[in-house]
Amino acid sequence: MKFTALELCAGGGGQALGLEMAGFQHTAAVEYEAQFCETLRSNRPAWNVLNKDIRDLNPSDYTGLDLLAGGVPCPPFSIAGKQLGSNDERDMFPTAMALIAGAKPRAVVLENVQGLASAKFSEYRKGLERQLFKMGYEPEWRVLQAADFGVPQLRPRFILVGLRKDDAERFMWPIGSYSRKFVGETLFDLMASRGWSGAEEWAEKANDIAPTIVGGSKKHGGPDLGPTRAKRQWRELSVDGMGIANEPPDSSFSHDGIPRLTVRMVARIQGFPDSWRIEGKKTVAYRQVGNAFPPPVAEAVGKAIIGAFTRKTKYAAVPIAYEARLLEEPIKSPKRCLPKKVQKR
């Protein structure tokens, strides 16, 4: 059985892809940036991709939906910005609320940065909760750590799920797995793909979880791996975070050199399959990937919602103590052994 979904602010397709893998069929995927839409159409020609501002949508066109989902812009709440919240013109939560009120979907999923979970925005969150209660939903927020869902990256995301009472009683948050993937094992084959002799030794040095990928915005310059602190963390993994490479290192690259990541490598760290094509030049392509909601996390949330719909919940609820720990700071796993093909010979 297929369940229908409307995707707002679809970006490069991370959440939309994950929800598709969970079992949702998209009525429409809406994205403001034209080149992002090209990525969506290139990968899913059958999707109804709408290149428009979500403020121009007519909610009555989407009544009867099973799910309204979206990753509304995060700069109003990101610690990397000014955290203006409702005073930021990029705040799209009010628009999302209006669409929910008009379309009346069975369920709602809105994801954002962990900054929205801070005390500074407690009243803002309560306001959204009150609106959803009045619409007949039971909303709940939760921080999910991407590293718990097979993504080799410390990427906590703050997720709002709203369900009707009968579905809410059956909903259980996905907890993921404590068996985590690391950067070295994830990117080894790509680093070695053009004959770089140092790929195996590099993979050993990169045997850990990546810091949060930073996608940047139109106002941000060329693509790189984030602010100074993030670049230092990447350096500890023997990755040059000062830019994004066009190609993996080749046979002429120094054996003990520190390589840069390519857009494809970053996409893999975000949980995109290699088959997912990213359209546009490097800077635009990197923004699509860097700002994405990791598909494996979206898939887990989508499956949990379908579990509530079908009364076949497959996940255990996240323990409260674990949730509190995530809110305080991301968890970093101890290093583990690499697969044999990555180990130094």
Side-chain angles (χ1 to χ4, degrees), residues 11-15 17-18 21 71 74 78-80 111-115 117 142-159 174-191 202-203 205-216 223-227 229-241 244-245 259-274 276 278 285-301 322 325-336 338-339 342:
Q15 182 167 251
L17 174 60
M21 293 189 294
C74 63
S78 174
I79 59 173
E111 66 91 16
N112 214 276
V113 292
Q114 191 177 9
R142 189 66 54 106
V143 172
L144 294 183
Q145 175 57 264
D148 291 331
F149 297 89
V151 179
Q153 178 191 176
L154 288 172
R155 192 178 189 83
R157 303 300 288 184
F158 195 43
I159 301 168
I175 192 170
S177 169
Y178 285 94
S179 177
R180 295 180 167 186
K181 294 182 180 178
F182 297 133
V183 173
E185 63 183 309
T186 300
L187 300 184
F188 168 70
D189 64 318
L190 294 179
M191 283 293 183
W202 171 85
K205 296 174 184 176
N207 185 23
D208 213 333
I209 295 174
T212 301
I213 295 289
V214 179
D224 60 41
L225 295 180
R229 180 182 177 184
K231 289 185 176 73
R232 285 199 299 265
Q233 293 173 323
W234 281 107
R235 190 80 178 187
E236 292 174 4
L237 294 174
S238 294
V239 171
D240 179 356
I244 298 297
R260 293 183 177 184
L261 304 182
T262 64
V263 171
R264 173 51 55 198
M265 291 176 186
V266 177
R268 193 182 280 187
I269 289 174
Q270 285 280 52
F272 282 96
D274 289 347
W276 193 260
I278 312 296
Y286 177 73
R287 279 203 296 119
Q288 295 176 61
V289 173
N291 289 323
F293 185 33
V297 186
E299 179 185 10
V301 175
Y322 177 68
R325 196 164 76 240
L326 286 180
L327 283 167
E328 292 173 1
E329 60 179 333
I331 302 169
K332 194 165 187 177
S333 293
K335 295 187 178 183
R336 69 164 187 251
L338 290 168
V342 184

* **Under 3.5 Å: donor-acceptor pair, side chain of W276, backbone of G12** => yes
* Give a yes or no on whether the backbone of W202 and the side-chain of S238 come within a donor-acceptor separation of less than 3.5 Å. => no
* Any donor-acceptor N or O pair under 3.5 Å, side chains Q153, Q270 -> yes
Are [X] and [Y] packed together at the side-chain level, in the sense that at least one heavy-atom pair is separated by less than 4.5 angstrom?
| X | Y | answer |
| --- | --- | --- |
| R157 | Q145 | no |
| P227 | V214 | yes |
| P295 | Q15 | no |
| V297 | P174 | no |

Heavy-atom closest contact ([X] atom, [Y] atom, distance):
| X | Y | value |
| --- | --- | --- |
| A210 | W234 | CB-CH2, 3.4 Å |
| G18 | A298 | CA-CB, 3.9 Å |
| Y286 | P223 | CD2-CB, 3.5 Å |
| P152 | F182 | CB-C, 3.8 Å |

* **Stepwise side-chain contact (heavy atoms from CB on, under 4.5 Å) test for V301 and I159** => CA-CA 9 Å; V301 175; I159 301 168; 4.2 Å; yes
* Does a salt bridge link R155 with D148, judged by any charged N lying under 4.0 Å from a carboxylate O? -> no
Separation of [Y] [atom2] from [X] [atom1] (nearest 0.5 Å):
| X | Y | atom1 | atom2 | value |
| --- | --- | --- | --- | --- |
| R268 | D189 | CZ | CG | 4.0 Å |
| F149 | L144 | CZ | CG | 5.0 Å |
| R260 | D224 | CZ | CG | 9.0 Å |
| E236 | K231 | CD | NZ | 14.5 Å |
| Q233 | L225 | CD | CG | 11.0 Å |

* Begin from the C-alpha positions of I278 and R264 and carry the test side-chain contact (heavy atoms from CB on, under 4.5 Å) through to its verdict. => CA-CA 8 Å; I278 312 296; R264 173 51 55 198; 4.2 Å; yes
* Asked: Knowing that exactly one of I209, L237, L261 qualifies, which makes a side chain to side chain contact (heavy atoms under 4.5 Å, CB included) with V183?
  -> L237
* Can you tell which of N291, V151, V266 makes a side chain to side chain contact (heavy atoms under 4.5 Å, CB included) with I213? -> V266
